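Structure, as structure tokens:
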Amino acid sequence: MDTAYNPENIEKKWYQKWEADGHFKSGGKGDPYCILIPPPNVTGSLHMGHAFQHTIMDTLTRFHRMKGDNTLWQCGSDHAGIATQMVVERQLNAQGKKRTDFTREEFIDKVWQWKETSGGTISEQMRRLGDSPDWDREAFTMDENLSKAVQQVFIQLYQDKTIYRGKRLVNWDPKFQSAISDLEVENHDEKGFMWHFKYPLADGVKTAEGNDYLIVATTRPETMLGDSAVAVDPKDERYQDLIGKFVDLPLVNRRIPIIADDYVDMEFGTGCVKITPAHDFNDYEVGKRHNLPLINIFDPTAKILAHAEAFEYNGTPLEGIDCSLPAEFAGEDRFEARKSIVQAFDQLGLLEKVEDHKLIVPRGDRSNDIIEPLLTDQWYVATDSLAKPAIDAVKSGEIKFVPENWDKTYYHWMDNIQDWCISRQLWWGHRIPAWYDQDGNVFVGESEQQIREKNNLSDEIQLTQDEDVLDTWFSSALWPFATMGWPDETQELKDYLPSSVLVTGFDIIFFWVARMIMMTLKFTGKVPFKEIYITGLIRDENGDKMSKSKGNVLDPIDLIDGIDIESLVAKRTTGLMNPKDAPKIEKATRKQFANGIGSYGTDALRMTFCALASTSRDINFDLGRVEGYKNYCNKLWNAARYVLMNTEGKDCGANNQAEDMQLSVADRWIIGRFNQTVQTFEKHTNEYRFDLATQALFQFSKNDYCDWYLELSKPVLTSESSSEAEKIGTRHTLVNILESMMRLLHPMIPFITEEIWQKVKPMTAVSAESIMVAPFPEFNQDSVDEKVINDLTWIQNIITGVRNIRGELNISPSKPVSVLLKNWDQEDQRCLDSYKPFLSSLAKLESIQLLEGSAEIPASSTALFNHLEILVPVAGLIDVEAELSRLDKEISKLENEKGRLFGKLSNKRFVDNAPVAIVAKEKEKLVAAEAALEKLAQQKLELQSM
RNA sequence: GGGACUUUAGCUCAGUUGGGAGAGCAUCGCCCUUACAAGGCGAGGGUCAGUGGUUCGAGCCCACUAAGUCCCACCA
């Protein structure tokens, strides 16, 4: 083996072999265990959040595969409608072309081409992360069978009247010229203005104050062209007499009524609200109550129309309303129009004032463009009937959130769920299976052909398919059953639905998780998964969200391979939404990573993710942790070298014959500790506490195995006094625990464990082609022996006691010391007789003896272990002052302890009320503290008399 | 406006029926001891955000306060 751990030398090699040997294939004789990947966007790349979640999914998958479960990690990707179309359009733009330069078919062809070339990025990244999904079952939401499922679901929901079409106000993204769902709108506070406009009262009416106008306050002046009314609070005494009267809407000279509606808050603004039902969700509702016309003034790019369109609430065009708009505004976009209209009001003397105002601005999550409520025909899913069973599935416990309190978030959204707008005016996606005849009749079915046959439509009747595609999340919602072959009744559906656990982030609980639950229940009657493990969100070391615009993103692959500073700066500063941020980002990056990022390897990265996976909802990613775990891997590497050095070519008791082999107390201890660790690991893993699971593995492998056990093995292997049977026993334990430990560690750190395991395996009785398919260690209670643990605790305490004294008194580790034990009993005598070589070796002793009661006590430095006093005679070794100060520190610590315990025990209420066991324990502690104090005081006296 | 979460060592975080405050990293000291200097051994460091309550006993339970984060929501 190389003297140092080099991840790059082992990782790719093993992954290729695993894949070539088919070890990722689903299967196994045991219970089904299935994880569905949250399908990443096909043209995207994996970020730290993915890498984190993938590590957890892969750890679980490998764990269950080794346990023999019928394991499947279902992988695949999402066609990601808007996101993908955006990428391809941007590429065309770079070539000086537009989407509309092509036919729909040509454009879709280009997207498919792009998917073929870029779609491999993610799977390549997943391979670098060591992910072990069943690649043969890799799915894509636009695959033929998945598309078929989408179509069938749509048709059935339409027949159930759960899908319907209607003209309504939707969130319109003017940049993409498509509707988007509520969830895709992000509402944030932004700075803006509140304009106060005078609306002249009609028919010579005057306000109570004698004005011939009302003042309305608005944040969106441009929409006034579509006003249908002015509303006041019905309780507002100022305007009582005006209700039912009219104003003359300036610029368009339309007469609109003054209405009273509870929506208006008389305390806010002027108490008068302009009502624009076609361009504001609130106004839409107000208008509905008062049967106002909907007057649309925008085209799909949010530019002012030359002529507005008026509708009734059922969507039929309204006649008899003067819809002409001033020619001067026609063709202006909303922001230009805003200026023009404010200016026009000003010129007419109708601009009362302008105030600064903070308002909530809705923006598209992809386009970042301001969303425009727009009146259009769209398809909707009615969610009422779907939501109820989905809520019940969580309430009944059939589906469990981990951590549990995410169910509140889920309930809150589900209890207030709105109908879901599923049509998108895009080209890339599942085309809506609806056709229209010339009269506007709708036919929903699998194909034009099938519709004609079913409805007896003659060839003369022309049918045109709906131009729109479905929301990407519509197909994602079918993922749990569509990937398993639905609507066919497949074995996979029987085995893997419901799946075992969904590992995902809280940001897509509504987008994806809730919709999967609704759709899967509706179409299969089963829940999609039994548990939902909601991971934290990976943030940077300062707790900021990682984002391109902040310039703080880390690419997981860069942590694996390393990256030099120039490349990192280049990566972070190219393709910025706002190029002005580049210098700032460059400066911060150079400051943080002066020498770039080292190559840590996949295993170290994975271990870091697991160690950080606590219940916390934010995870601040600390690069220092990765480095620490790389060092840990190096530790394992060298431990393996030590073991091989001492076992290769030697008798390791592979035939397990008891008479050839004698196990030392250390051997039996580490075997027991190993088994306890297996148990602890399984417990925490089953509870998704990967942080605690990692801690248990780290504690065992580093502290117990490397720091203690390997050291304890040395005296056995090197001493002339140890028998061959003892040496065989220790070699056997060294190599077998190492082998088992690799299997225990494998799910989390797959590469290094395979590499070491392959080298160690020949010396053990274990046989498997790969550690991936070797059995996971099983907990064996019989291996845990309390007596052995106690003896080892004794050994450790003597050693630590001596090391302590060495450290405090700066005695060189290379200088052997003599040790005397005072106040010993028979047990101590037995232990000393049995374990002297361990003590001598690990504490570097010249000698160790029991001190007879009558013997003279030399001036010593003392450590205490229960009743036992560990004395290191210090004549000529140390300066007395240092030792005295050490003793004083110790004494003052104990005095505190004693005082606390004494106070507690002299409190009658404590003694009377606390459980007997607790009181007894406290008493014991007090006695021990007092005894220890006495010994230290005596020790101090002796030193002082030197 | 409604809801969720966070506050423990310099940093990042554990702390599971309320009964001895922990880990990793960082810091300091001693060591190149033949697996590992990417290392070993040892040490220091905390009014558990604040106040009050329940209790014999609170980091943990309850109430309030403060600071911070996030989600949902129709205030022009």
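Only this structure's heavy atoms are used, side chains among them; waters, hydrogens and symmetry mates stay out. Note on naming: letters A, B, ... go to the chains in the order of the sequence lines (proteins, then strands), and numbering restarts at 1 for each one. Please read these numbers as outputs of a predicted model, since none were measured by experiment.
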Counting any heavy atom closer than 4.0 Å, what does [X] reach on the DNA or RNA strands: base, sugar-phosphate only, or nothing?
{"X": "A:R617", "value": "base"}
{"X": "A:L692", "value": "sugar-phosphate"}
{"X": "A:Q418", "value": "nothing"}
{"X": "A:A4", "value": "base"}
{"X": "A:V264", "value": "base"}
{"X": "A:E808", "value": "sugar-phosphate"}
{"X": "A:D265", "value": "base"}
{"X": "A:T270", "value": "nothing"}
{"X": "A:D707", "value": "sugar-phosphate"}
{"X": "A:T3", "value": "nothing"}
{"X": "A:C706", "value": "base"}
{"X": "A:T219", "value": "sugar-phosphate"}
{"X": "A:Y632", "value": "nothing"}

Legend entry - A:R625 side-chain proximity, nearest of B:A35, B:G19, B:G24: B:G24
Inset, instruction - Would you indicate which nucleotide in B:G24, B:A76, B:A35 comes nearest to any side-chain atom of A:H357? - result: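 When the side chain of A:H357 is considered, B:A76 is the closest of B:G24, B:A76, B:A35.
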Residue-phosphate contact under 4.0 Å: [X] side-chain N/O, [N] OP1/OP2:
{"X": "A:T409", "N": "B:C71", "answer": "no"}
{"X": "A:K714", "N": "B:U34", "answer": "no"}
{"X": "A:N631", "N": "B:G39", "answer": "yes"}
{"X": "A:K702", "N": "B:G40", "answer": "yes"}
{"X": "A:R689", "N": "B:G15", "answer": "yes"}
{"X": "A:N416", "N": "B:C72", "answer": "no"}
{"X": "A:N913", "N": "B:C56", "answer": "yes"}
{"X": "A:K635", "N": "B:G40", "answer": "yes"}

Inset, instruction - Could you check A:K904 against A:N907 and say which one's nearest nucleotide on RNA chain B is further toward the 5' end? - result: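 Checking each residue's closest nucleotide, the 5'-ward one belongs to A:K904.
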Legend entry - RNA chain B: 5'-proximal contact among A:W413 and A:P7 (nearest heavy atom): A:P7
Using the [atom1] atom on both, measure [N] against [M] and round to a whole Å.
{"N": "B:U8", "M": "B:A76", "atom1": "C1'", "answer": "47 Å"}
{"N": "B:C11", "M": "B:G20", "atom1": "P", "answer": "27 Å"}
{"N": "B:A21", "M": "B:U6", "atom1": "P", "answer": "23 Å"}
{"N": "B:C25", "M": "B:G44", "atom1": "C1'", "answer": "16 Å"}
{"N": "B:G24", "M": "B:C30", "atom1": "P", "answer": "22 Å"}
{"N": "B:G18", "M": "B:C48", "atom1": "C1'", "answer": "15 Å"}
{"N": "B:C74", "M": "B:U17", "atom1": "C1'", "answer": "46 Å"}
{"N": "B:C32", "M": "B:G40", "atom1": "P", "answer": "16 Å"}

Inset, instruction - Mind listing the closest non-hydrogen atom pair of A:N171 and A:V185 along with its distance? - result: CG-CG2, 3.6 Å
Legend entry - Between A:Y688 and A:T535: side-chain donor-acceptor atoms closer than 3.5 Å: no
Inset, instruction - Answer with yes or no whether the side chains of A:S814 and A:S812 bring together a donor and an acceptor at under 3.5 Å. - result: yes
Would you kindly give the [atom1]-to-[atom2] distance between [X] and [N], to the nearest whole Å?
{"X": "A:L845", "N": "B:U33", "atom1": "CG", "atom2": "P", "result": "19 Å"}
{"X": "A:N620", "N": "B:C70", "atom1": "CG", "atom2": "P", "result": "13 Å"}
{"X": "A:E922", "N": "B:G57", "atom1": "CD", "atom2": "C1'", "result": "10 Å"}
{"X": "A:N187", "N": "B:C72", "atom1": "CG", "atom2": "P", "result": "8 Å"}
{"X": "A:H188", "N": "B:C71", "atom1": "NE2", "atom2": "C1'", "result": "11 Å"}
{"X": "A:F281", "N": "B:A76", "atom1": "CZ", "atom2": "P", "result": "15 Å"}
{"X": "A:I870", "N": "B:G42", "atom1": "CD1", "atom2": "C1'", "result": "15 Å"}
{"X": "A:Y411", "N": "B:G2", "atom1": "OH", "atom2": "C1'", "result": "18 Å"}

Any idea how [X] and [Y] line up, ring-wise: parallel (<30°), tilted (30 to 60°), or perpendicular (>60°)?
{"X": "A:F401", "Y": "A:Y410", "result": "tilted"}
{"X": "A:F698", "Y": "A:Y629", "result": "perpendicular"}
{"X": "A:F700", "Y": "A:Y705", "result": "tilted"}

Legend entry - Face-on cation placement of A:R803 at A:W708 ring, 6.0 Å and 45° thresholds: yes
Legend entry - Quiz item: cation-pi between A:K714 and A:Y642, 6.0 Å / 45°: yes
Legend entry - Base-pairing mate for B:A63 - Watson-Crick or G-U, with both contacts under 3.5 Å: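 In the structure as shown, B:A63 has B:U51 as its Watson-Crick or wobble partner.
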Legend entry - Nucleotide opposite B:G24 in a Watson-Crick or G-U pair, distances under 3.5 Å: B:C11
Inset, instruction - Evaluate whether atom NZ of A:K759 has more than 12 neighbouring non-hydrogen atoms of other residues, nucleotides or ligands under 6.0 angstrom away. - result: yes
